[in-house]
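Reading through the structure tokens given below for one structure.
The structure presented is a predicted model; accordingly, all values stated were derived computationally and were not measured. Quick note: numbers below take in every heavy atom, side chains included, and nothing from hydrogens, waters or symmetry partners.
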Amino acid sequence: MTPASRNPIPDRLGIALSGLCALHCLALPFAVTLVPVLASSALGTLAGAEWFHAALLVPVTLVSGTVLSRRALQSAWLAALLVSALFAMTGALFVGEEWLEKALTLGGAGLLMFAHGLGLYARRAG
């Protein structure tokens, strides 16, 4: 393992971005309901815009794709995990049902956090 591959920051950043994605998905509907001012504010409008969700997918894809792709080339199950997570989160942009969008987003974020967690574990073990 090279010194650059022992750096835990990329995996931690991937976990943090995926966690923020999941938190946004779970907390925003409650925040808008509990604080109605949010729904009519620019924040509420922005958070509900589909283009905004697509834009949020870009840093997640760049970080997770970059960090996990090298390892995925050596491991078929990690490649399947990475592709499944990215397809799930991208697919969430195109479904019409709110519950399915949340399920796909949370599932994809969970898979990415799991993959990055395995990366951290491998770095410690290696």
Side-chain angles (χ1 to χ4, degrees):
M1 208 181 261
T2 65
S5 66
R6 290 188 185 147
N7 183 2
I9 292 174
D11 278 313
R12 289 183 178 159
L13 181 61
I15 291 170
L17 284 174
S18 297
L20 284 173
C21 178
L23 181 65
H24 164 81
C25 187
L26 290 172
L28 190 66
F30 293 112
V32 169
T33 302
L34 295 175
V35 185
V37 172
L38 284 178
S40 61
S41 71
L43 177 62
T45 305
L46 181 64
E50 288 305 315
W51 68 265
F52 182 68
H53 292 109
L56 289 176
L57 192 58
V58 172
V60 170
T61 303
L62 289 175
V63 170
S64 293
T66 303
V67 172
L68 296 174
S69 62
R70 273 191 222 115
R71 283 184 247 145
L73 291 174
Q74 299 169 353
S75 170
W77 67 269
L78 185 58
L81 189 69
L82 177 61
V83 169
S84 298
L86 294 177
F87 274 151
M89 291 192 303
T90 303
L93 296 171
F94 301 103
V95 297
E97 299 290 327
E98 185 74 21
W99 68 269
L100 186 54
E101 179 182 341
K102 288 198 182 307
L104 288 170
T105 301
L106 292 172
L111 288 173
L112 286 179
M113 286 190 285
F114 179 69
H116 284 293
L118 289 175
L120 285 174
Y121 177 77
R123 289 176 202 284
R124 287 186 191 142

Exercise for the section: Working to the nearest 0.5 Å, report the span between CG of Leu118 and CG of Asp11. Expected result: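 One gets 9.5 Å once the value is rounded to the nearest 0.5 Å.
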Exercise for the section: To the nearest 0.5 Å, tell me how far Arg12 CZ sits from Leu17 CG. Expected result: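 That separation rounds to 14.5 Å.
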Quick check: closest heavy atoms across [X] and [Y], and the distance to 0.1 Å?
{"X": "Arg71", "Y": "Val67", "value": "NH2-CG1, 3.3 Å"}
{"X": "Ala109", "Y": "Ala22", "value": "CB-CB, 4.3 Å"}
{"X": "Ala54", "Y": "Leu93", "value": "N-CD2, 3.7 Å"}

Handout entry: Donor-acceptor contact below 3.5 Å, side chain Lys102 vs main chain Leu26
Key =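 Absent.
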Name the atoms and distances for all side-chain donor-acceptor pairs under 3.5 Å in residues 74-84, with sequence neighbours left out.
residue: Ser75; atom: OG; partner: Trp77; partner atom: NE1; Å: 2.9
residue: Ser75; atom: OG; partner: Leu78; partner atom: N; Å: 3.4
residue: Ser84; atom: OG; partner: Ala80; partner atom: O; Å: 2.7

What about [X] and [Y], same hydrophobic cluster or not, with Ile/Leu/Val/Met/Phe/Trp/Tyr joined at side-chain heavy-atom distances under 4.5 Å?
{"X": "Val60", "Y": "Phe94", "result": "yes"}
{"X": "Ile15", "Y": "Leu13", "result": "no"}
{"X": "Leu104", "Y": "Trp99", "result": "yes"}
{"X": "Leu111", "Y": "Met89", "result": "no"}
{"X": "Leu120", "Y": "Leu68", "result": "no"}

Handout entry: pair Thr66-Pro10: side-chain heavy atoms closer than 4.5 Å
Key =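 No - every pair of side-chain heavy atoms lies 4.5 Å or more apart.
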Handout entry: Non-hydrogen side-chain atoms of Met113 and His116 separated by less than 4.5 Å
Key =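 In short, these two side chains do not touch, never coming nearer than 4.5 Å.
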Exercise for the section: Evaluate side chain to side chain contact (heavy atoms under 4.5 Å, CB included) for Leu56 paired with Cys21, printing each intermediate quantity in order. Expected result: CA-CA 8 Å; Leu56 289 176; Cys21 178; over 6 Å; no
